[in-house]
Amino acid sequence: DANLAYANLTDADLTDANLTGANLTGADLSNADLSNADLTKAKLAGADLSGADLSKAKLAGADLTEADLTVAIIYDANLFGADLERANLTDANLTNAILSGANLTWVDLTNADLIDADLTRANMTEVNLTEANLTRANLNTAHLSSANLTSANLTRAKLHGANLYGANLTEANLTEA
């Protein structure tokens, strides 16, 4: 397992890289191209991934606690069971991403794009989804207690068995949800 903790990898081209289990704690990966990279069980706690391209990346079981993923491109990525507690995903594109069983506690997803995302069984306690687009997202059995869904678009979202106790749905669009 590679040890790249606190490395400066700004603008790096890591397309198709095999970084399984790598230690990238606190690394600067801003604007890096990690498309199709394998980051399964990688340690990315506190990493700067702002503006990074993580499209089709494998991040299952990865530790992304307190990571900065603002404006990151994460569409079609696999984050099954990943830990994103307190991460910042403001304006991130997570279209068609797999976040099933992920820990999204206290995550900021303001204005994020989660169209067709799989969030089944995700822990989204106190998540901020203000103005997020969750069109057709699968939130079945997701835990959204005390979540902020102000002005969120939940058109055709699947919410069977979801826990929305104490959630704020002010001006949220729940058409056909």
Side-chain angles (χ1 to χ4, degrees), residues 1-2 4 7 9-124 127-129 132-144 152-153 157-158:
D1 298 348
L4 296 164
L9 297 163
T10 304
D11 296 312
D13 184 356
L14 296 164
T15 306
D16 297 314
N18 183 352
L19 294 164
T20 303
N23 182 358
L24 290 151
T25 303
D28 186 348
L29 290 151
S30 54
N31 299 310
D33 187 348
L34 290 150
S35 55
N36 210 41
D38 191 345
L39 291 150
T40 303
K41 295 187 179 177
K43 295 163 194 68
L44 292 147
D48 183 355
L49 290 149
S50 56
D53 183 352
L54 291 152
S55 54
K56 299 185 180 181
K58 297 168 193 74
L59 290 147
D63 179 0
L64 290 148
T65 53
E66 299 184 8
D68 181 356
L69 290 141
T70 53
V71 199
I73 302 163
I74 316 171
Y75 73 85
D76 282 334
N78 183 351
L79 291 108
F80 178 86
D83 188 355
L84 291 107
E85 187 170 327
R86 297 187 189 276
N88 185 351
L89 285 104
T90 302
D91 294 313
N93 180 350
L94 291 137
T95 299
N96 210 38
I98 298 168
L99 291 147
S100 182
N103 180 12
L104 297 161
T105 306
W106 296 298
V107 169
D108 189 352
L109 283 156
T110 301
N111 203 43
D113 195 347
L114 291 144
I115 296 170
D116 294 315
D118 180 0
L119 293 149
T120 53
R121 299 180 318 280
N123 182 356
M124 302 174 79
V127 69
N128 185 358
L129 287 158
N133 188 350
L134 291 142
T135 301
R136 293 182 309 276
N138 187 344
L139 293 152
N140 288 341
T141 65
H143 190 79
L144 289 145
N153 184 356
K158 296 178 183 100

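Both backbone and side-chain heavy atoms feed into the values below; hydrogens, waters and symmetry mates do not. We count residues from 1, following the sequence as given.
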Roughly how far, to the nearest 0.5 Å, is the [atom2] atom of [Y] from the [atom1] atom of [X]?
X	Y	atom1	atom2	answer
Leu49	Asp68	CG	CG	8.0 Å
Leu84	Asn103	CG	CG	7.5 Å
Thr40	Asn18	OG1	CG	8.0 Å
Ser50	Leu29	OG	CG	9.5 Å
Asn138	Leu99	CG	CG	11.5 Å
Leu144	Met124	CG	CE	5.0 Å

Decide whether [X] and [Y] meet the rule of one side-chain donor and one side-chain acceptor closer than 3.5 Å.
X	Y	answer
Asp83	Thr65	no
Thr110	Asn128	yes
Asn96	Asp116	no
Ser55	Asp76	no

Could you tell me which non-hydrogen atom of [X] sits nearest to which non-hydrogen atom of [Y], and how far apart they are?
X	Y	answer
Leu109	Ala132	O-CB, 3.7 Å
Leu9	Ala32	O-CB, 3.9 Å
Arg86	Val107	N-CG2, 4.0 Å
Thr20	Asp1	O-OD1, 3.6 Å
Leu79	Ala102	O-CB, 3.9 Å
Ala92	Ile74	CB-CD1, 4.4 Å

Side chains of [X] and [Y]: does their closest heavy-atom pair fall under 4.5 Å?
X	Y	result
Arg121	Phe80	yes
Leu129	Leu114	yes
Leu64	Glu85	no

For Thr120, which residues count as a side chain to side chain donor-acceptor pair (under 3.5 Å) partner, sequence neighbours excluded?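 Once residues adjacent in sequence are excluded, the partners of Thr120 under the side chain to side chain donor-acceptor pair (under 3.5 Å) criterion are Ser100, Asp118.
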When you look at NZ of Lys56, are more than 12 heavy atoms from neighbouring residues, nucleotides or ligands closer to it than 6.0 Å?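 No, because the 6.0 Å sphere around NZ of Lys56 holds 12 heavy atoms or fewer from other groups.
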